[in-house]
Amino acid sequence: MRYDTLIRNALIIDGGNRPGYPADLAIHDGRIQRIGELAGATAVQDIDAAGRVLAPGFIDVHTHDDTVVIRQPQMLPKLSQGVTTVIVGNCGISAAPVSLKGDPPDPMNLLGERSMFVYPRFRDYRTAVDAARPAVNVAALVGHTALRSNHLTDLYRTASVDEITAMREQLRESLEDGALGLSSGLAYASAFAADTDEVLQLAQELTAFGAVYTTHLRSEFEPVLEAMDEAFFIARAAKVPVIISHLKCAGAGNWGRSPQLLAALEQAAREHPVGCDCYPYAASSSTLDLKQVTEAYPITITWSTPHPEQDGRDLNAIASDWGLGLLAAAERLQPAGAVYHGMDENDVRRILAHPLSMIGSDGLPEDPFPHPRLWGAFPRVLGHFSRDLGLFPLHTAVHKMTGLCAARFGLQQRGEIREGHWADLVLFDPARVRDLADFKHPQQAAEGIDGVWVNGVCSYVEGQASGQRMGRFLPRHGDLSRGFNSAD
Ligand SMILES: [Zn+2]
């Protein structure tokens, strides 16, 4: 038979945390048809991949791409990194199900302005994704803060019994329509007033579906261990798996504590399905939070509604231009976004290297001057952290962005290179792959990503999108707790 595509002589790193092996791979009808020695086979497209690695397409488990997959479906910041699937709806904020009464509350504004929230039901979002045909696959969580904004008259208190009932109904309907689970963003003022019981009652809705709970912890600063305990308590009480989002030690007073956090994570994982994601940088980014304004480390402004001329500038420099203190300058910039250089590199490396951590970019596609993780997270792990620093072998780096992620989120027949699986693939040069996006020039495609296939179709080649957009919506499948086990 004549295949659609043959990729010959690649080093196949299959996503299962195993060293690579040389082989040919044939793609047909969107699937990986054959792996092996295929010298006699023919194909419409025949590629010699000698010297390069063929890996499963990367799965970005932590994104805020909810509306951008519809508005800018070419998805170049992700496709150019080798990402073939994004998980949206993290940190308590999702585009659906949402019915806004006014402007989106902070931090839902990270997903776009009011006019972009047009999905009152989860299934409306799902339909819109499929209609937009993004270049990458999309799976989605439902945000706790999004549910709160639908049903609470005041976000700065805990929900009433009736409000919890209404939120549970809307969550249940979303789970029936294919949502992966529930995310929370308890550190943000718009969810901080929710008590543990409010979140637990929502998490209990996940149990019957085998869905997952992910959480941007109530604190990533000094009380981070207590915040992790709250997450584990909710997950155990509701009998659902939990993923700690972008695990970190935030704030100068917290540096060096990653061994404690990782010990707590390991301890919890012995008794319960537990995991985490992280991004490979010592700086975070979100809306500009007055509580996080400090002189202890630099803060860069990524956007400001009243002062767009300050995008990309240091808060310190803005404050001194204006003859104001940092806090007063930050107040004048609101609403705004920021990059906080508030982590210690050693903590970042320990968390990245831990067997329970997956890679998620947490990129913010709306930012005019985004954190470089939006364009660089995955190549940075492959090039800088694996190859250049030797933090872990290349096959472990790949596992953290493919097989591990697909298992955790139940993405069937993806995340590993196997015959019969969907042909989501990335071909890269292990010697050249590297992130070019940095804090000064954050919007640059990586080097060394030579080809990306989504559902069997070449979608990115030679530094360009091919124009083919083959992504689809991926509904939840099966009991997600099965994808957690202590073996990895
Ligand atoms: Zn977050």
Side-chain angles (χ1 to χ4, degrees), residues 30 56-91 93-98 108 110-112 116-119 121-143 146 174-183 211-212 214 243 245 277 358-366 374 377-378 401-402 405-406 408-415 422-426 452-457 459-460 465 468-477 480:
F58 305 143
I59 297 167
D60 190 347
V61 294
H62 192 109
T63 85
H64 297 291
D65 292 336
D66 302 54
T67 64
V68 82
V69 293
I70 294 166
R71 290 179 296 106
Q72 292 164 33
Q74 60 276 20
M75 289 299 289
L76 205 56
K78 296 298 168 70
L79 200 57
S80 63
Q81 297 183 60
V83 169
T84 56
T85 297
V86 297
I87 294 179
V88 305
N90 281 281
C91 299
I93 58 175
S94 56
V98 171
M108 283 175 67
L110 290 175
L111 302 182
M116 293 166 196
F117 290 85
V118 290
Y119 316 105
R121 297 167 306 175
F122 188 83
R123 81 177 71 111
D124 302 325
Y125 178 72
R126 179 175 173 170
T127 304
V129 169
D130 276 330
R133 274 247 166 169
V136 297
N137 302 307
V138 179
L141 298 154
V142 170
S174 304
L175 293 164
E176 282 163 357
D177 289 336
L180 292 176
L182 173 74
S183 77
V212 68
T214 75
I243 290 166
S245 296
D277 64 65
M358 298 176 277
I359 310 301
S361 71
D362 202 7
L364 298 172
E366 287 295 308
L374 177 65
F378 292 84
M401 42 184 91
T402 59
C405 314
R408 296 292 199 242
F409 287 96
L411 306 178
Q412 300 250 315
Q413 301 187 324
R414 300 186 192 269
W422 290 104
D424 288 346
L425 297 164
V426 53
V452 182
W453 288 261
V454 179
N455 293 310
V457 173
S459 305
Y460 183 81
Q468 301 265 38
R469 305 200 313 260
M470 290 304 287
R472 55 186 70 156
F473 187 88
L474 306 180
R476 188 193 67 262
H477 203 285
L480 303 194

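For reference, positions follow the sequence shown, starting with 1. Quick note: numbers below take in every heavy atom, side chains included, and nothing from hydrogens, waters or symmetry partners.
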Q: Do N90 and S183 pass the side chain to side chain donor-acceptor pair (under 3.5 Å) test, and can you show the C-alpha distance, the side-chain angles, and the key distance before you say yes or no?
A: CA-CA 5 Å; N90 281 281; S183 77; 5.8 Å; no

Q: Is it true that D177 and R121 have a side-chain N and a carboxylate O under 4.0 angstrom from each other?
A: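 Result for this pair is no, no salt bridge flagged.
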
Q: Using a 3.5 Å distance criterion without hydrogens, assess whether the side chain of R476 forms a donor-acceptor pair with backbone atoms of A211.
A: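 Side chain of R476 to backbone of A211: no pair is present.
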
Q: Would a distance-only check, ignoring hydrogens and angles, find a side-chain to backbone donor-acceptor pair under 3.5 Å from S94 to V142?
A: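 Absent.
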
Q: Under 30°, 30 to 60°, or over 60°: which ring-plane class applies to H62 and H64, parallel, tilted or perpendicular?
A: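 H62 vs H64 ring planes: perpendicular.
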
Q: Answer whether the closest heavy-atom distance between the side chains of S361 and K78 falls below 4.5 Å.
A: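 Of all side-chain heavy-atom pairs linking K78 with S361, at least one is under 4.5 Å.
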
Q: With a 4.5 Å limit on heavy-atom distance, are the side chains of V129 and I70 in contact?
A: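 When only atoms from C-beta onward are counted, I70 and V129 do touch, with a gap below 4.5 Å.
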
Q: Is any side-chain heavy atom of T84 closer than 4.5 Å to a side-chain heavy atom of F58?
A: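 No. Closest side-chain heavy atoms not under 4.5 Å.
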
Q: Just by modelled atom types, is the P134 backbone N or O under 3.5 Å from a matching donor or acceptor in the Q74 side chain?
A: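 Looks like no, no N/O pair under 3.5 Å.
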
Q: Give a yes or no on whether the backbone of M470 and the side-chain of N455 come within a donor-acceptor separation of less than 3.5 Å.
A: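 Yes, because the side chain of N455 sits within donor-acceptor range (under 3.5 Å) of the backbone of M470.
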
Q: Could you tell me if the side chain of D277 sits less than 4.5 Å from the side chain of I243, heavy atoms only?
A: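 Yes, side chains in contact.
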
Q: Is the backbone of Q81 close enough, under 3.5 Å, to the side chain of Y460 for a donor and an acceptor to pair up by distance?
A: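 Side chain of Y460 to backbone of Q81: no pair is present.
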
Q: Look only at the side chain of R469 and the backbone of A132, and say whether a donor-acceptor pair between them is shorter than 3.5 Å.
A: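 Confirmed, R469 side chain pairs with A132 backbone.
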
Q: If a pair satisfies salt bridge (charged side-chain N to carboxylate O under 4.0 Å, His left out) and one of its residues is in residues 126-136, list it, with sequence neighbours excluded.
A: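 Counting only pairs at least two positions apart or across chains, no salt bridge (charged side-chain N to carboxylate O under 4.0 Å, His left out) contact touches residues 126-136.
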
Q: Going by the rule side chain to side chain contact (heavy atoms under 4.5 Å, CB included), which residues pair with R71 if we only count those two or more places apart in sequence or in a different chain?
A: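 Applying side chain to side chain contact (heavy atoms under 4.5 Å, CB included) to R71 gives T67, V68, M116, E366.
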
Q: At their closest point, which heavy atom of G363 faces which heavy atom of P365, and how far apart are they?
A: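 What the structure gives for the nearest pair is O-CD, 3.4 Å.
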
Q: T85 and side-chain contact (heavy atoms from CB on, under 4.5 Å): which single residue from V61, L474, V136 fits?
A: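 Looking at V61, L474, V136, the match for T85 under the side-chain contact (heavy atoms from CB on, under 4.5 Å) is L474.
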
Q: Are D362 and T63 side-chain neighbours, meaning at least one heavy-atom pair lies under 4.5 Å?
A: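 Sidechains of T63 and D362: no contact.
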
Q: If you take all heavy atoms of G30 and W422, which pair is closest and at what distance?
A: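 Heavy-atom minimum between the residues: O-CE3, 3.4 Å.
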
Q: Of all the heavy-atom pairs spanning G415 and P56, show the shortest one and how long it is.
A: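 Between these two residues, the closest heavy atoms are O-CG, 3.5 Å.
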
